[in-house]
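Scope of the values below: all heavy atoms of this structure, side chains included, with no hydrogens, waters or symmetry mates. Reminder, nothing fancy here: chain letters follow the sequence lines and each chain counts from 1.
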Protein chains: 2
Amino acid sequence: MKNHQITIIDIANTLNLSKSTVSRALTGHPNVKLKTRERVLELAAELDYQRNQLAISLLTNRTQTIGIMVPEFLSSFFPKVIIGAQDVLAQAGYNVVICHSNESYETEISNTKLLLASRVDGILVSHTKETRNFEHFKIFERKGIPVVFFNRIVDEMSVSKVAVDDYEGAYQAVEHLIKTGKRRIAHLAGPDSLQNSRSRLNGYRDALTNHQIPIDPSLIISYDLTLDKANIYVNHLLNLPQPPDALFAINDPTAIEALKVIKSRGLRIPEEIAIVGFSDDPISALIEPGLTTVSQPVDEIGRQAARLLLNQLAAEDERPEPELVVLPTRLIVRGSTMA
Amino acid sequence: MKNHQITIIDIANTLNLSKSTVSRALTGHPNVKLKTRERVLELAAELDYQRNQLAISLLTNRTQTIGIMVPEFLSSFFPKVIIGAQDVLAQAGYNVVICHSNESYETEISNTKLLLASRVDGILVSHTKETRNFEHFKIFERKGIPVVFFNRIVDEMSVSKVAVDDYEGAYQAVEHLIKTGKRRIAHLAGPDSLQNSRSRLNGYRDALTNHQIPIDPSLIISYDLTLDKANIYVNHLLNLPQPPDALFAINDPTAIEALKVIKSRGLRIPEEIAIVGFSDDPISALIEPGLTTVSQPVDEIGRQAARLLLNQLAAEDERPEPELVVLPTRLIVRGSTMA
DNA sequence: TATATTTTTGGGAACATTCCCAAAATACTG
DNA sequence: CAGTATTTTGGGAATGTTCCCAAAAATATA
C-alpha cells in the first residue's frame with residue numbers, strides 16, 4: 001500500500017476494464033469509447049497516475065533521453081550551450097542528462113559508460129582537452145546511437161558537428177590589432193589537441209602573413225588552459241627583450257587573466273599592450289578596460305547541435321549523412337584595443 | 001540482427017546455460033561454479049555486453065538517478081552547487097539529471113512531471129522566485145521520493161534543507177558598512193517569496209536597529225531579480241532628496257549592476273556610496289573597484305544537500321527525520337567599501 | 001429479424017532482468 | 001555404497017507498458 005505505485009492495472013480493476021483499454025484511453029488511441037476514455041482520464045488524474053517511462057523504454061528500446069557531455073561548466077559558455085540544446089530537445093519531447101568530464105579523459109570515459117548503461121538515444125559532446133583517442137565514442141556509433149560534436153569537434157569521426165568559424169574569428173581579431181598599429185602580436189594559444197585551438201592559430205598566422213608581418217615563434221605559446229599557467233606565460237612574454245605590443249588570447253578567461261597581470265605591472269592598455277579574447281563572456285563587458293573579443297552565438301551552437309541530433313534520430317532505418325554547421329563570429333571592439 | 005542488443009539470454013544460449021545462471025555469474029552471486037563464471041564473463045566481455053539498467057529499474061523500482069532542479073544556471077552559483085552535489089552522488093553510485101526552471105513556475109511544474117515520469121529516486125531543488133504553492137513537490141513526498149531543498153528553502157515542507165546563514169551574513173555586511181561610517185544604508189532586496197531574501201532583510205534591519213540607526217522604508221526596495229529593474233531602482237535611490245551613502249544588494253549580479261549605474265553617474269566608490277553584494281561571484285574580484293561581498297561555501301551547499309538526500313535514501317523502510325544544515329558565510333572586504 | 005459491418009474491449013506476448021523455489025549434480029559421511 | 005548435505009543450475013513469476021489479434025458489443029444494412 002505504502003510503496004505501491006499506481007499502474008494502469010489499478011485503474012483497469014477499479015473501472016472493470018482491461019489494461020489494454022486503459023492503455024488506449026491514456027495514450028489517445030482512437031478506438032475507445034468517449035465515455036470510457038473520460039472515466040479513465042478522470043480516475044487517472046484523481047489517483048495522480050504517472051505512466052512508467054521505464055516500462056515503455058524497455059519495450060520500445062528508446063528512452064527519449066539525450067546525454068550532453070561538456071568538459072566544464074564554470075565559465076558561462078557551456079551552460080549557455082546546454083540551455084540552447086535543452087530548449088530544442090525538450091520541444092521534441094526529449095529528456096536531457098548532463099555530464100561534465102571536468103577536462104579529464106578518465107572521467108570522460110566513465111561518463112561514456114554511464115550514458116551507455118542508461119541507454120540514451122543520442123549524445124552531444126564537447127570532448128576534454130586531454131582526449132586524443134576517440135574509441136569510447138565509436139562504441140555509440142557501433143550501437144547505432146547518434147553522436148554530435150560541438151565546439152570541440154574531431155576530424156577522426158564522421159558524425160554531425162557544430163563549430164564556429166574559429167579561423168575567420170581569429171583572423172579578424174588579429175587584423176583588427178594590426179589596423180590599430182600593433183606589430184608584435186603574441187598569441188596565447190590553446191592545446192594542440194583541440195581543433196578550435198588549431199584553427200584560431202591558423203587564423204592568427206594567416207592574418208600576420210597576409211599583412212607582411214613575419215611570424216615570431218617566440219610570441220606563440222600553446223598552453224593547457226589552466227589559468228595559473230596563463231599568468232606565468234603572460235609574465236614570460238612581458239619579460240622578453242622585445243615584448244609584444246598586443247596579445248590575442250585563446251579565450252576570455254585567459255585574456256582576463258592576462259589583463260590582470262598587465263595591469264598589475266602598470267602597463268597602459270591598449271597603448272602599451274592591447275588584448276583580444278574569444279567568446280564574449282559576460283565578464284568581458286564589465287571589467288576595466290572592457291575586453292575586445294570575438295563573440296560567438298553561444299546558445300545557437302546548442303540549438304544547432306540539438307537539431308543535427310534530431311535529424312539523425314528522425315530517420316527510422318538508415319542514418320542520414322552527417323552534417324557540418326559552421327556558425328559565424330563577430331568582433332566586438334572595446335577598450336582593451338581602442339582608447 | 002542490426003538493432004538487436006545483446007542480452008543475458010544470448011549468452012545463456014551460446015553457453016548452454018540458463019539465464020538465471022548467467023545473471024548470477026554477472027552479478028557476482030556466490031552460488032556459481034568458478035569455471036562457469038569465467039566462461040560467462042569472458043563471453044560477456046567479448047560481445048560487449050551491457051546490462052540493461054531499464055529492466056533492472058523496472059524490477060527494483062529504483063533508477064539510481066537523482067534529479068536536480070535549479071532556477072537558472074547562468075550565474076556561476078548553481079553550476080558550482082551542481083558540481084558539488086554530483087561529485088557526492090556519483091561516489092554513491094547515483095546518476096544525475098539536471099533541470100532548470102528558468103525562474104518560471106510553469107516550467108518548474110512541468111519539470112516536476114518529467115522527473116516523476118523518469119522515476120528519479122530523489123530530488124534536490126531550489127525553487128523559482130515565482131513559486132508560492134508547493135503542491136507539485138508534495139507529490140514526491142506522497143510517493144515516498146525524498147526531496148531536499150537548498151539555497152532557496154521553504155518552511156511549508158518538512159523535508160531536509162541546506163541553507164547558508166543569510167541573516168548573519170547580511171547582519172555582518174551591514175555592520176561593516178556602519179563601521180566604515182555609513183548611515184543611510186539602502187537595501188535592494190529580493191522578492192518576498194524567497195526565504196533567503198527575507199532572512200537577509202531581517203539581518204539588515206537588525207544590524208541597523210542594534211546600532212541605533214532608524215530604518216528608513218524609502219531605502220528598502222524589494223525587486224524581482226531582473227537586472228534591468230535593478231538599474232531603474234538604483235537610479236531611483238540615487239535621485240532621492242536624501243540619497244543613500246551605501247547599498248547592500250541581495251546578490252552580486254545586482255550589486256554589479258548598481259556599481260555600473262553609480263560609476264556612470266560619476267559618483268566616487270566607496271567615498272560617496274559604498275556597495276556590498278552577496279555570494280562572491282568570481283566577477284566580483286575582477287571588476288573595478290572590487291566588490292565587497294558575503295561569500296558562501298557554494299560547492300559545499302551542493303555536497304551537503306547530496307549527503308542529506310543520501311541519508312534519506314539509505315533508510316530502507318522508514319524515512320529518517322528531516323535535517324536542516326545551515327552553513328556559515330564570510331564577509332570579503334574589497335574596494336567597494338574600503339579605499 | 002438476420003446478417004454484415006464497425007466499434008469497442010480483452011487476453012496474451014514481448015521487453016531484460018532478478019529472485020525464489022525446486023531440481024539436478026556433486027561432495028561428504030558413516 | 002547408500003544416504004545425506006551441499007553446491008550448482010534451471011524454470012517461472014514479476015516488474016508496467018504497448019501492440020497484435022481475436023472476441024464481444026454495438027450499429028448499420030438488407
Side-chain angles (χ1 to χ4, degrees), chain A residues 3-41 43-44 47-65 93 116-121 143 316, chain B residues 1-41 43-44 47-65 116-121 143-144 316:
Chain A
N3 266 355
H4 173 73
Q5 56 174 330
I6 291 129
T7 73
I8 51 170
I9 297 186
D10 298 321
I11 296 177
N13 291 342
T14 315
L15 299 178
N16 264 319
L17 289 168
S18 74
K19 59 181 165 37
S20 311
T21 305
V22 175
S23 170
R24 272 185 294 257
L26 290 169
T27 52
H29 197 89
N31 281 0
V32 51
K33 196 161 61 172
L34 185 65
K35 181 73 188 165
T36 311
R37 162 167 295 132
E38 279 169 355
R39 287 199 301 152
V40 169
L41 291 179
L43 184 60
L47 295 179
D48 234 348
Y49 167 80
Q50 297 272 349
R51 64 208 282 255
N52 191 331
Q53 185 59 44
L54 291 170
I56 300 169
S57 294
L58 183 59
L59 207 56
T60 59
N61 207 20
R62 297 158 121 263
T63 54
Q64 298 294 342
T65 301
L116 277 174
S118 53
R119 293 291 202 276
V120 292
D121 291 344
K143 299 209 181 232
E316 275 300 309
Chain B
M1 175 76 233
K2 189 75 182 296
N3 267 357
H4 174 72
Q5 57 174 327
I6 291 128
T7 72
I8 51 170
I9 296 185
D10 297 321
I11 296 177
N13 291 342
T14 315
L15 299 178
N16 264 318
L17 289 167
S18 73
K19 57 181 166 39
S20 312
T21 306
V22 175
S23 171
R24 272 187 291 258
L26 290 169
T27 51
H29 197 89
N31 283 358
V32 50
K33 198 161 58 171
L34 186 66
K35 180 74 189 165
T36 311
R37 162 168 295 133
E38 279 170 355
R39 287 199 301 155
V40 170
L41 292 179
L43 185 61
L47 293 179
D48 231 349
Y49 167 79
Q50 299 265 354
R51 61 206 282 240
N52 191 330
Q53 186 58 46
L54 292 170
I56 300 170
S57 295
L58 182 59
L59 205 57
T60 60
N61 207 19
R62 299 160 118 261
T63 54
Q64 297 294 341
T65 302
L116 278 174
S118 52
R119 292 295 200 275
V120 291
D121 292 343
K143 298 207 181 234
E316 274 301 308

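Within the nucleic acid shown, Leu17(A) comes within 4.0 Å of sugar-phosphate atoms alone, with no base atom in reach, counting heavy atoms only. Residue Ile56(B) is classed as a sugar-phosphate contact, given heavy-atom separations below 4.0 Å to backbone atoms only. Asp10(B) comes within 4.0 angstrom of no nucleic acid atom, judged by non-hydrogen atoms across all strands. Across all strands, Thr36(A) comes closer than 4.0 Å only to sugar-phosphate atoms, never to a base (heavy-atom distances). As judged by a 4.0 angstrom heavy-atom cut-off over every strand, Ile8(B) is placed among the base-contacting residues.
In plain terms, the two heavy atoms of Leu47(B) and Ile6(B) that are nearest each other are O-CD1, 3.1 Å.
Distance Gln5(B) CD to dA16(C) C1': 8 Å, rounded to the nearest Å. Between the C1' atom of dA16(C) and the CG atom of Leu54(A) lies a distance of 12 Å, rounded to the nearest Å. Between the C1' atom of dT17(C) and the CD atom of Gln64(B) lies a distance of 15 Å, rounded to the nearest Å. Atom CZ in Arg62(A) sits about 17 Å away from atom P in dC15(C), given to the nearest Å. The separation between Leu59(A) atom CG and dC15(C) atom C1' is 5 Å, rounded to whole Å.
In summary, contact between chain B and DNA chain D, defined as any nucleotide atom under 4.0 Å from a heavy atom of the protein, begins and ends at dT8(D) to dG16(D) in the 5' to 3' direction.
For Thr63(A), the side chain to side chain contact (heavy atoms under 4.5 Å, CB included) partners at least two apart in sequence or on another chain are Ser57(A), Thr65(A), Arg119(A), Asp121(A), Leu54(B). Scanning for side chain to side chain contact (heavy atoms under 4.5 Å, CB included) contacts around Ala12(B) gives Val22(B), with sequence neighbours left out. Qualifying side chain to side chain contact (heavy atoms under 4.5 Å, CB included) partners for Asp48(A), counting only residues two or more places apart in sequence or in other chains: Ile139(B), Arg142(B). Residues forming a side chain to side chain contact (heavy atoms under 4.5 Å, CB included) with Ile9(A) (at least two apart in sequence, or on another chain): Thr7(A), Asn13(A), Lys19(A). With sequence neighbours left out, Thr60(B) forms a side chain to side chain donor-acceptor pair (under 3.5 Å) with no residue at all.
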Open item on the list: Under the criterion side chain to side chain contact (heavy atoms under 4.5 Å, CB included), I'd like the reasoning laid out for Ile8(B) against Tyr49(B): C-alpha separation, chi angles, the key distance, then a yes or no.
Closed with: CA-CA 8 Å; Ile8(B) 51 170; Tyr49(B) 167 79; 3.4 Å; yes

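Within the structure, no pair that satisfies the side chain to side chain donor-acceptor pair (under 3.5 Å) test touches residues 22-38 of chain B, not counting sequence neighbours.
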What N/O pairs connect the protein and nucleotides 24-28 of chain C at under 3.5 Å? Give each pair on its own line.
none

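Separating the CG atom in Asn61(A) from the CD atom in Gln5(B) is a distance of 4.5 Å, to the nearest 0.5 Å. Atoms CD1 and CD, from Ile56(B) and Gln64(B) in turn, are 9.5 Å apart once rounded to the nearest 0.5 Å. Rounding to the nearest 0.5 Å places CD1 of Ile11(B) at 5.5 Å from CG of Leu26(B). Atom NZ of residue Lys143(B) and atom CG of residue Leu116(B) lie 6.0 Å apart, to the nearest 0.5 angstrom. Rounding to the nearest 0.5 Å gives a distance of 5.5 Å between OG1 of Thr14(A) and CG of Leu43(A).
Axis angle across the helix from dT1(C)-dA30(D) to dG30(C)-dC1(D), with five pairs used at each end and values rounded to 10°: 50°.
Applying a 4.0 Å cut-off to non-hydrogen atoms, the residues of residues 18-31 of chain B that approach DNA chain D are Ser18(B), Lys19(B), Ser20(B), Thr21(B), Arg24(B), Asn31(B), listed by residue number.
For the pair Tyr49(B) and dA16(C), the criterion of a side-chain N or O lying under 4.0 Å from OP1 or OP2 is not met.
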